[in-house]
Amino acid sequence: MNIILLGPPGAGKGTQARMLTENRGLVQLSTGDMLRAAVAAGTPVGKAADAVMKSGGLVGDEIVIGVISERLDQPDVKQGVIFDGFPRTLAQADALEKLLADKGIALDSVIEMSVDDEVVVARIAGRYTCAKCGEGYHDESKQPKTPGVCDKCGSTDFKRRADDNADAVKTRLLAYYRETSPLIGYYYAKGRLQSVDGLADIDEVERQISAILG
Ligand code: AP5
Ligand code: MG
């Protein structure tokens with residue numbers, strides 16, 4: 001099963017993708033995570049993406065499509081994938097159609113996570129992750145069961161993203177409305193779009209996604 005999670009920054013794409021990985025064995029393909037890893041490793045892709053990501057803008061289509069194309073050649077994608085944060089422009093969506101056709105991969109569902117702007121801004125402002133295993137947390141809605149200790153791996157090391165500040169969040173939201181939101185119409189017209197209430201609590205969103213996936 002191969003699916004796309006579509007939604008603005010803070011919609012909960014990463015949170016639900018990680019749950020689908022645990023529950024269904026699907027592989028999470030987050031272009032944001034891949035680009036952050038490239039920045040940390042100082043690769044040519046990372047060097048090209050660093051400044052643009054910090055500002056909250058979108059990295060160039062060619063770079064991101066290249067990253068995804070290479071990733072789709074890894075054998076683990078046969079388990080099924082969740083595209084998290086890709087595609088993000090119409091050009092990326094067209095390129096994905098072609099890549100999937102070339103590689104013989106079927107797309108089963110595009111799930112839109114609908115939220116509202118005030119909520120996503122609050123979610124992003126409170127977000128942090130385990131520096132070791134990447135489990136996501138939030139200052140208000142999802143704290144570790146033992147304060148300061150990751151529920152999943154026991155690490156006491158946490159981090160916040162460089163683009164989770166007020167200016168970059170504004171730019172990310174603008175980029176979403178300008179470049180990514182047209183994909184809702186794009187996939188609706190292709191008869192692939194389904195929606196969940198991204199404002200519901202994390203477990204309810206998971207149930208709604210499960211109901212769609214069967
Ligand atoms: P990316 O990493 O994809 O960031 P994003 O789209 O801005 O989305 P986020 O990761 O911020 O949000 P999310 O939907 O994953 O929410 P999360 O689950 O963490 O991209 C970063 C940058 O990389 C881009 O700005 C761009 O520069 C570049 N980039 C990446 N892909 C690209 C592409 N394809 N093309 C070009 N450039 C690209 O949840 C947020 C918080 O809310 C968490 O704290 C979580 O615990 C909490 N939460 C989640 N769900 C709920 C819920 N239901 N109720 C309450 N709290 C919740
Ligand atoms: Mg994410």
**Request:** Evaluate salt bridge (Lys or Arg N to Asp or Glu O under 4.0 Å) for K54 paired with D50, printing each intermediate quantity in order.
**Result:** CA-CA 6 Å; K54 280 205 181 94; D50 192 14; 3.0 Å; yes
**Request:** Verify salt bridge (Lys or Arg N to Asp or Glu O under 4.0 Å) between K152 and E22, making sure each step is shown before the conclusion.
**Result:** CA-CA 12 Å; K152 288 276 143 89; E22 273 175 28; 3.1 Å; yes
**Message:** If you apply the rule side chain to side chain contact (heavy atoms under 4.5 Å, CB included), what do you find for C133 with S155, and how did you get there?
**Reply:** CA-CA 8 Å; C133 74; S155 168; over 6 Å; no
**Criterion side chain to side chain contact (heavy atoms under 4.5 Å, CB included) on L20 and L213, from CA distance to verdict** = CA-CA 10 Å; L20 286 165; L213 299 181; 3.8 Å; yes
**Verdict with reasoning, D164 to R172, per salt bridge (Lys or Arg N to Asp or Glu O under 4.0 Å)** = CA-CA 10 Å; D164 279 355; R172 283 159 62 194; 2.9 Å; yes
**Item:** Intermediate values then yes/no, side chain to side chain contact (heavy atoms under 4.5 Å, CB included), V45 and V39
**Value:** CA-CA 7 Å; V45 164; V39 170; over 6 Å; no
**Message:** Let's go through L29 and I82 carefully: what are the C-alpha distance in whole Å and the side-chain angles of both, what is the deciding distance for side chain to side chain contact (heavy atoms under 4.5 Å, CB included) to 0.1 Å, and is it a yes or a no?
**Reply:** CA-CA 6 Å; L29 300 189; I82 310 145; over 6 Å; no
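Hydrophobic clustering (side-chain heavy atoms under 4.5 Å, transitive across Ile, Leu, Val, Met, Phe, Trp, Tyr) keeps L6 apart from L26. In the hydrophobic clustering of this structure, F83 does not group with M19; members are Ile, Leu, Val, Met, Phe, Trp, Tyr whose side-chain heavy atoms approach within less than 4.5 Å, directly or through other members. V120 is connected to Y177 through a chain of hydrophobic side-chain contacts under 4.5 Å among Ile, Leu, Val, Met, Phe, Trp and Tyr, so both are in one cluster. With hydrophobic clusters built from ILVMFWY side chains whose heavy atoms lie under 4.5 angstrom apart, V27 shares a cluster with L107. I209 and M1 fall within a single hydrophobic cluster, where Ile, Leu, Val, Met, Phe, Trp and Tyr side chains are chained together by heavy-atom contacts under 4.5 Å.
Between D102 and K98, at least one side-chain N (NZ, or NE/NH1/NH2) sits under 4.0 Å from a carboxylate O, which counts as a salt bridge. Ion pair E206/R18 not flagged as a salt bridge, since none of the NZ, NE, NH1 or NH2 atoms sits closer than 4.0 Å to an Asp/Glu carboxylate oxygen. Look at E112 and R192 and you find no salt bridge, because none of the NZ, NE, NH1 or NH2 atoms lies under 4.0 Å from a carboxylate O. Between R71 and D76 a salt bridge is recorded (basic side-chain N to carboxylate O distance below 4.0 Å). Between D139 and R160, at least one side-chain nitrogen of the basic residue sits less than 4.0 Å from a carboxylate oxygen of the acidic one, meeting the salt-bridge criterion.
Between the side chain of S55 and the backbone N or O of V52, at least one donor-acceptor pair lies under 3.5 Å. T21 contributes a side-chain N or O that, together with a main-chain N or O of A17, makes up a donor-acceptor pair within less than 3.5 Å. Formation of a donor-acceptor pair under 3.5 Å by the R123 side chain with backbone atoms of G10 is found in this model. The backbone N or O of G56 sits nowhere less than 3.5 Å from a side-chain atom of D163 that would complete a donor-acceptor pair. For the pair T171 (side chain) and D167 (backbone), a donor-acceptor distance under 3.5 Å is present.
Side-chain N/O atoms of T89 and E179 include no donor and acceptor closer than 3.5 Å. Side-chain contact check for Q16 and D84: no donor-acceptor pair (N or O, by modelled atom type) lies under 3.5 Å.
T129 is listed as a side-chain neighbour of K159, based on a closest heavy-atom distance under 4.5 Å. You'll find the side chain of P144 stays beyond 4.5 Å of the side chain of T146, heavy atoms only. A 4.5 Å side-chain heavy-atom check between I4 and I111 finds every atom pair outside the cut-off. Inter-residue side-chain proximity for D197 and E204 is flagged as unmet; no heavy-atom pair is nearer than 4.5 Å. V77 places none of its side-chain heavy atoms less than 4.5 Å from the side chain of K103. Put simply, the side chain of C150 does not reach to within 4.5 Å of the side chain of T156, judged on heavy atoms. Counting heavy atoms from C-beta on, the side chains of I3 and V110 never come closer than 4.5 Å. Residues L96 and F86 form a side-chain contact, since some pair of their non-hydrogen atoms from C-beta on lies under 4.5 Å apart.
The environment of CD in E62 is sparse: at most 12 heavy-atom neighbours from other residues, nucleotides or ligands sit within 6.0 Å. For Q74, the CD atom sits in a packed shell: over 12 heavy atoms of surrounding residues, nucleotides or ligands are nearer than 6.0 Å. Atom NZ of K132 sits in a sparse spot, with 12 or fewer heavy atoms from other residues, nucleotides or ligands closer than 6.0 Å.
Taken from OG in S195 to CD1 in I184, the straight-line distance is 7.5 Å, to the nearest 0.5 Å. For the atom pair CG of L183 and CG of L193, the computed distance is 10.0 Å after rounding to the nearest 0.5 Å. Separating the OG atom in S141 from the CG atom in D201 is a distance of 9.5 Å, to the nearest 0.5 Å. One finds the CD1 atom of I212 at 12.5 Å from the CG atom of D108 (value rounded to the nearest 0.5 Å). The CD1 atom of I68 lies 8.5 Å from the CD atom of Q92; values are rounded to the nearest 0.5 Å. Distance CZ/R127 to OG1/T15: 8.0 Å, rounded to 0.5 Å.
A11 and M113 get closest at one heavy-atom pair: O-CE, 3.6 Å. When all heavy atoms of V149 and G154 are compared, the pair lying nearest together is CG1-O, 3.6 Å. Considering every non-hydrogen atom in both Q143 and H138, the closest pair reads CG-O, 3.4 Å. Between P87 and Y187, the shortest heavy-atom distance links the atoms CG-OH, 3.4 Å. Taking all atoms of both residues into account, the shortest heavy-atom contact from V59 to A49 is CG2-CB, 3.8 Å. Among all heavy-atom pairs drawn from I65 and A91, the shortest one is CD1-O, 4.3 Å.
Note that K190 lies in the cation-pi zone of Y186, set by a 6.0 Å cut-off to the ring centre and a 45° limit from the axis.
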